[in-house]
Number of protein chains: 2
Amino acid sequence: MKLINQLSKETGIPIGTIRFYEKTGLFTGEKKEEVKTNNYVYYGDDVVEKLRFIQMAKAVGFTLAEIKEVVDAWYKKQISKKAKIQVLDKKLLQIEEKIKELKSVKKQIAICKFNIENENIENADETIISGGRPFDLPPY
Amino acid sequence: MKLINQLSKETGIPIGTIRFYEKTGLFTGEKKEEVKTNNYVYYGDDVVEKLRFIQMAKAVGFTLAEIKEVVDAWYKKQISKKAKIQVLDKKLLQIEEKIKELKSVKKQIAICKFNIENENIENADETIISGGRPFDLPPY
DNA sequence: GTGAACTATGCAGTATACTTCATACTTGTT
DNA sequence: AACAAGTATGAAGTATACTGCATAGTTCAC
């Protein structure tokens, strides 16, 4: 069992943010009954996994509320199996959508790069170029 | 050339948000010189493309500041070719990273779904289940 | 046993991305 | 002409996700 500082070191997430996530209900630590002198909170390895999941899900544009839906579907009792599967299926669809959007963004940036690389070839790489679109490619 | 209302209808982005994006410097419309009675702003088809790009880039977790970097690399004069390519290459790397993260999140959700589907098989689909992890699969 | 480092709690403040509101002028319809 | 609907501008308000600060108690190294 880890204290919050170790959790922070293992994930790279600031302590304040971890506390914020816990307050948001994304996970919970536990106070040790045998320790009476303080009220330090201990976290299991599952919390590290959750934090990594949160990091990635956030990086691809999911909100904490959306992430919480998934976490609840996984951990919460009192949610029917049917409801849980529904939530997860919805997320899987959203992920497919995001993958499509990512590919589209990637393609547009690649085209953009191609255009820049092929305009004003006579100028050196530090030259200030004048913009414009030399080829009949779509914008972006 | 379109007015802001048409732009909104074509993209599904609220007028207020479009104005906000323009104020942020993501694109600009143009006032028509020949029209003297008002100061309506007109937008070209490129703005529609930009708005769609912004929508997608936002959906996969890019901030407006990051999106602006790309837009500036594409449209701004006074940025060297080298600097533009640098920005775009950085974005392409970020996108690869996001694709990896998306796949990881997808996998974890799929495992989560599998676990839920295979626990308490004897119960009907409306049953309140008690949680727990019946198989030795990693959390998420 | 003293000081540095760690922990808990609560509340205020910040950044980002909108969203609403108020005001005022313009355009299109009847 | 009247009135709904559209447009511009600026400022204030909101939601999300932190971030920092102040306070206070705890643990650890020396």
Side-chain angles (χ1 to χ4, degrees), chain A residues 1-44 47 50-72 94 101, chain B residues 1-44 47 50-72 94 101:
Chain A
M1 298 296 261
K2 306 150 199 264
L3 286 172
I4 199 160
N5 192 32
Q6 198 187 338
L7 219 55
S8 172
K9 275 175 191 149
E10 281 181 37
T11 59
I13 299 173
I15 289 177
T17 306
I18 295 174
R19 285 200 212 283
F20 174 74
Y21 288 162
E22 185 170 7
K23 211 163 49 185
T24 310
L26 289 169
F27 54 82
T28 48
E30 9 173 323
K31 308 211 173 183
K32 293 216 167 176
E33 294 247 329
E34 64 266 31
V35 183
K36 304 277 189 190
T37 51
N38 64 35
N39 49 351
Y40 288 8
V41 178
Y42 293 82
Y43 304 91
V47 175
K50 272 193 187 179
L51 284 173
R52 291 200 206 288
F53 179 79
I54 293 165
Q55 271 182 315
M56 288 187 296
K58 265 185 49 59
V60 296
F62 284 108
T63 64
L64 293 186
E66 287 171 323
I67 295 166
K68 189 163 159 24
E69 283 188 327
V70 176
V71 169
D72 287 349
Q94 285 177 6
E101 285 165 328
Chain B
M1 299 295 261
K2 306 149 199 265
L3 286 172
I4 198 159
N5 192 30
Q6 197 185 340
L7 218 55
S8 172
K9 275 174 192 150
E10 281 181 37
T11 61
I13 299 172
I15 290 177
T17 306
I18 295 174
R19 285 200 214 282
F20 174 76
Y21 288 163
E22 186 170 8
K23 211 163 50 186
T24 310
L26 290 169
F27 55 82
T28 48
E30 10 174 321
K31 307 210 173 184
K32 293 216 166 175
E33 294 247 330
E34 64 266 30
V35 182
K36 304 277 191 191
T37 52
N38 65 33
N39 49 351
Y40 288 8
V41 177
Y42 292 83
Y43 303 92
V47 175
K50 272 194 188 180
L51 283 173
R52 291 199 206 290
F53 178 79
I54 293 165
Q55 271 183 314
M56 288 187 295
K58 264 184 49 60
V60 296
F62 284 108
T63 65
L64 293 186
E66 287 172 323
I67 294 167
K68 189 163 160 26
E69 282 188 328
V70 176
V71 169
D72 286 351
Q94 285 177 6
E101 286 166 327

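Taking atom CZ of B:Arg19 as the reference point, atom P of C:dC21 lies 16 Å away to the nearest angstrom. Counting to the nearest Å, the P atom of D:dT16 and the NZ atom of A:Lys68 are 13 Å from each other. Rounded to whole angstrom, the span from the CD atom of B:Glu66 across to the P atom of C:dT16 amounts to 11 Å. Rounded to an integer number of Å, the gap from B:Ile4 CD1 to D:dA8 P is 6 Å. A straight line from OH of B:Tyr42 to P of D:dT7 spans 9 Å, rounded to a whole angstrom. The interatomic distance linking A:Phe62 (CZ) with D:dT16 (C1') rounds to 17 Å, in whole Å. Atom CG of A:Leu26 is separated from atom C1' of D:dT16 by 13 Å (rounded to the nearest Å). Regarding A:Gln55, its CD atom lies at a distance of 15 Å from the C1' atom of D:dA17, rounded to whole Å.
Nearest heavy atoms, B:Leu26 versus B:Val71: O-CG1, 3.4 Å. Shown here for A:Gly25 and A:Lys68, the closest heavy-atom pair between the two residues is O-NZ, 3.8 Å. The two residues B:Ile13 and B:Ile18 make their nearest non-hydrogen contact at O-CD1, 3.5 Å.
Here the side chain of B:Thr24 pairs a donor or acceptor atom with the backbone of B:Phe20 at under 3.5 angstrom. Looking at A:Gln55, its side chain does come within 3.5 Å of a backbone N or O of A:Thr11 through a donor-acceptor pair.
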Self-check item: Per-nucleotide pairing state of DNA chain D [Watson-Crick or G-U, under 3.5 Å; [ ] pseudoknot-crossing; | other strand]
Solution: ||||||||||||||||||||||||||||||
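Here B:Lys31 lies in heavy-atom contact (under 4.0 Å) with sugar-phosphate atoms only. When heavy atoms are screened at a 4.0 angstrom cut-off, A:Thr63 is found touching the sugar-phosphate backbone but no base atom.
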Self-check item: Per-nucleotide protein contact string for nucleotides 18-27 of chain D, where B marks a base within reach and S marks sugar-phosphate only (heavy atoms under 4.0 Å, - for neither)
Solution: BB-----BBS
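Checking A:Lys50, A:Glu22, A:Lys2 one by one against A:Tyr43, the side-chain hydrogen bond (donor to acceptor under 3.5 Å, both in side chains) holds for a single residue, A:Glu22.
Mapping B:Ile15 and A:Thr24 onto DNA chain D by nearest heavy atom places B:Ile15 closer to the 5' end of the strand.
Taking the side chain as every heavy atom from C-beta outward, B:Lys58 and B:Leu64 approach each other to under 4.5 Å.
Atom CD of A:Glu34 has more than 12 heavy atoms from other residues, nucleotides or ligands within 6.0 Å.
Judged as a side chain to side chain contact (heavy atoms under 4.5 Å, CB included), and not counting sequence neighbours, the contacts of A:Leu3 are A:Tyr40, A:Tyr42.
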